[in-house]
Every structure is written in structure tokens, then in C-alpha cells.
Amino acid sequence: QVQLVESGGGSVQAGGSLGLSCAASGFTISNFCAGWFRQAPGKEREWVAAIDIERRAKYTDSVKGRFTIAKDNGKNTLDLRMDSMKPEDTAVYYCAARPSLRCAPGPPRPGDFTYWGQGTQVTVSS
């Protein structure tokens, strides 16, 4: 059974750091295009970061230089390190996986991904 389970959400003050982890089961996430999305109240789900089988990562402009996506092959997890956080980073964060070795060109879209976690809340206070 394919499953993604996020952990590590919580509250942090602006300028602080937080780490998210997404544990995969039923498949090897290192062999998939995988990514993080987020959804703030009243807004559409937006892409944050993605990484492919060759560990090539890409980020949406608003998080470049602050967030780092990585895969941990030993733990079969997808991780997101978030530094210099801002109140506008507040959202429910979701991990997702696409059954493809490489991510599609251009900004990933939610419809590109097949497997999703349940989401974890991240709140950044000013």
C-alpha cells in the first residue's frame, strides 16, 4: 500500500527554522519525482519545491535560498528544511510523489502528482 506521512510541522517565529519530513511506504521515493506543496487558507495549493531521481532540485521563487529539499535514501523520506521563515510561509504543507524518474519541465502542478500525504500545519508568527 502506497502511503506518504508528513511530520515536523509546528509553529515558529519569523526568521526561525523548521524541518519537515515525509515518510514513504509501499514504494522507494528516491526513484520518483517528489515534491512539497502548500496551501494557505482561502488560497489554491501551490508548489514549493521538487526533486527528481538525479537529485536535481527546483524551487518556487518565493522560497529560493531559504528552503532545501532532499531525499534520505536510508530512511525512504523526503525532507524539507525551511530557514529564514516568513509569516507568508504559513500554510498546510503536503508532500507528493509522481511515478516518474524525472519531474516534468516547468513549475510542477498538483495534477502531475499521484500520491499525497495528509498535510502538516506550519505557522510562522511575526
Side-chain angles (χ1 to χ4, degrees):
Q1 179 182 0
V2 172
Q3 193 173 17
L4 293 170
V5 179
E6 300 99 337
S7 62
S11 298
V12 65
Q13 289 192 328
S17 299
L18 206 58
L20 303 181
S21 187
C22 174
S25 58
F27 70 105
T28 302
I29 200 166
S30 62
N31 294 336
F32 281 55
C33 166
W36 288 93
F37 288 76
R38 66 187 180 186
Q39 188 166 17
K43 295 188 177 181
E44 293 186 353
R45 190 168 298 189
E46 67 169 354
W47 162 66
V48 176
I51 186 169
D52 67 11
I53 188 173
E54 296 177 350
R55 299 180 183 272
R56 292 177 298 191
K58 52 185 178 180
Y59 302 89
T60 193
D61 286 345
S62 63
V63 308
K64 282 181 182 177
R66 301 189 298 119
F67 289 14
T68 304
I69 189 173
K71 293 177 179 177
D72 188 323
N73 291 353
K75 296 180 180 178
N76 200 26
T77 61
L78 177 72
D79 302 321
L80 185 68
R81 173 71 179 180
M82 302 180 289
D83 296 316
S84 303
M85 298 190 72
K86 304 176 181 180
E88 51 263 44
D89 294 324
T90 296
V92 176
Y93 283 69
Y94 300 88
C95 67
R98 164 190 170 95
S100 172
L101 297 179
R102 292 177 177 79
C103 301
R109 300 167 299 179
D112 294 338
F113 291 78
T114 303
Y115 307 121
W116 289 86
Q118 81 288 352
T120 185
Q121 176 69 46
V122 171
T123 302
V124 185
S125 58
S126 57

Run the side chain to side chain contact (heavy atoms under 4.5 Å, CB included) check on Asn76 and Thr28 step by step: do they pass? CA-CA 6 Å; Asn76 200 26; Thr28 302; 4.2 Å; yes

Are Val48 and Tyr59 close enough, and set up right, to give a side chain to side chain contact (heavy atoms under 4.5 Å, CB included), and what steps lead you there? CA-CA 6 Å; Val48 176; Tyr59 302 89; 5.8 Å; no

CA sep, side-chain torsions, deciding dist, call: Asp79, Asp72, side chain to side chain contact (heavy atoms under 4.5 Å, CB included): CA-CA 7 Å; Asp79 302 321; Asp72 188 323; 3.9 Å; yes

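Within a 6.0 Å sphere centred on CD of Glu88, heavy atoms belonging to other residues, nucleotides or ligands number more than 12. Within 6.0 Å of CZ in Arg56 there are more than 12 heavy atoms belonging to other residues, nucleotides or ligands. Heavy-atom contacts from other residues, nucleotides or ligands closer than 6.0 Å to CD of Glu54 number more than 12.
Looking at Phe37 and Cys95, their side chains never come closer than 4.5 Å, going by heavy atoms from C-beta outward. The closest side-chain heavy-atom distance from Leu80 to Thr68 is not below 4.5 Å. In this structure, the side chains of Arg45 and Arg38 stay at 4.5 Å or more apart for every pair of heavy atoms. Taking the side chain as every heavy atom from C-beta outward, Phe27 and Gln3 never approach each other to under 4.5 Å. A heavy-atom distance below 4.5 Å is not found between the side chains of Thr90 and Val122. For the pair Tyr94/Cys22, no side-chain contact is recorded, criterion being any heavy-atom separation below 4.5 Å from C-beta on. Side-chain contact between Leu18 and Met85: present, with at least one pair of heavy atoms (C-beta onward) separated by less than 4.5 Å. Within the 4.5 Å cutoff, the side chain of Thr123 has no heavy atoms near those of the Asp89 side chain.
Nearest heavy-atom pair across Leu78 and Gly35 is CD2-O, 3.6 Å. The two residues Ala24 and Leu4 come nearest to each other via the heavy atoms CB-CD2, 3.7 Å. Closest approach of Tyr93 and Met82 over heavy atoms only: CE2-SD, 3.9 Å. Residues Asp112 and Ala104 come closest through the heavy atom pair OD2-CB, 4.4 Å. Summarising the geometry of Arg66 relative to Ser84, their closest heavy-atom pair is NH1-O, 2.9 Å, with the distance given to 0.1 Å. Residues Ser21 and Thr77 come closest through the heavy atom pair OG-CB, 3.7 Å.
Not a single donor-acceptor pair under 3.5 Å links the side chain of Gln118 to the backbone N or O of Val5. Judged purely by atom type and a 3.5 angstrom limit, Arg55 uses its side chain to pair as donor or acceptor with the backbone of Lys71. At distances below 3.5 Å, at least one donor-acceptor pair connects side-chain atoms of Lys58 with backbone N or O atoms of Gly106.
Residues Asp83 and Ser17 have side chains that bring a donor and an acceptor to within less than 3.5 angstrom of each other.
Note on Val92: it clusters hydrophobically with Trp47, by side-chain heavy-atom contacts below 4.5 Å among ILVMFWY residues.
Ring orientation note: the planes of Tyr115 and Phe32 are tilted relative to one another, at an angle of 30° to 60°.
Between Lys64 and Asp61 there is a salt bridge, with a side-chain nitrogen of the basic residue lying less than 4.0 Å from a carboxylate oxygen of the acidic one.
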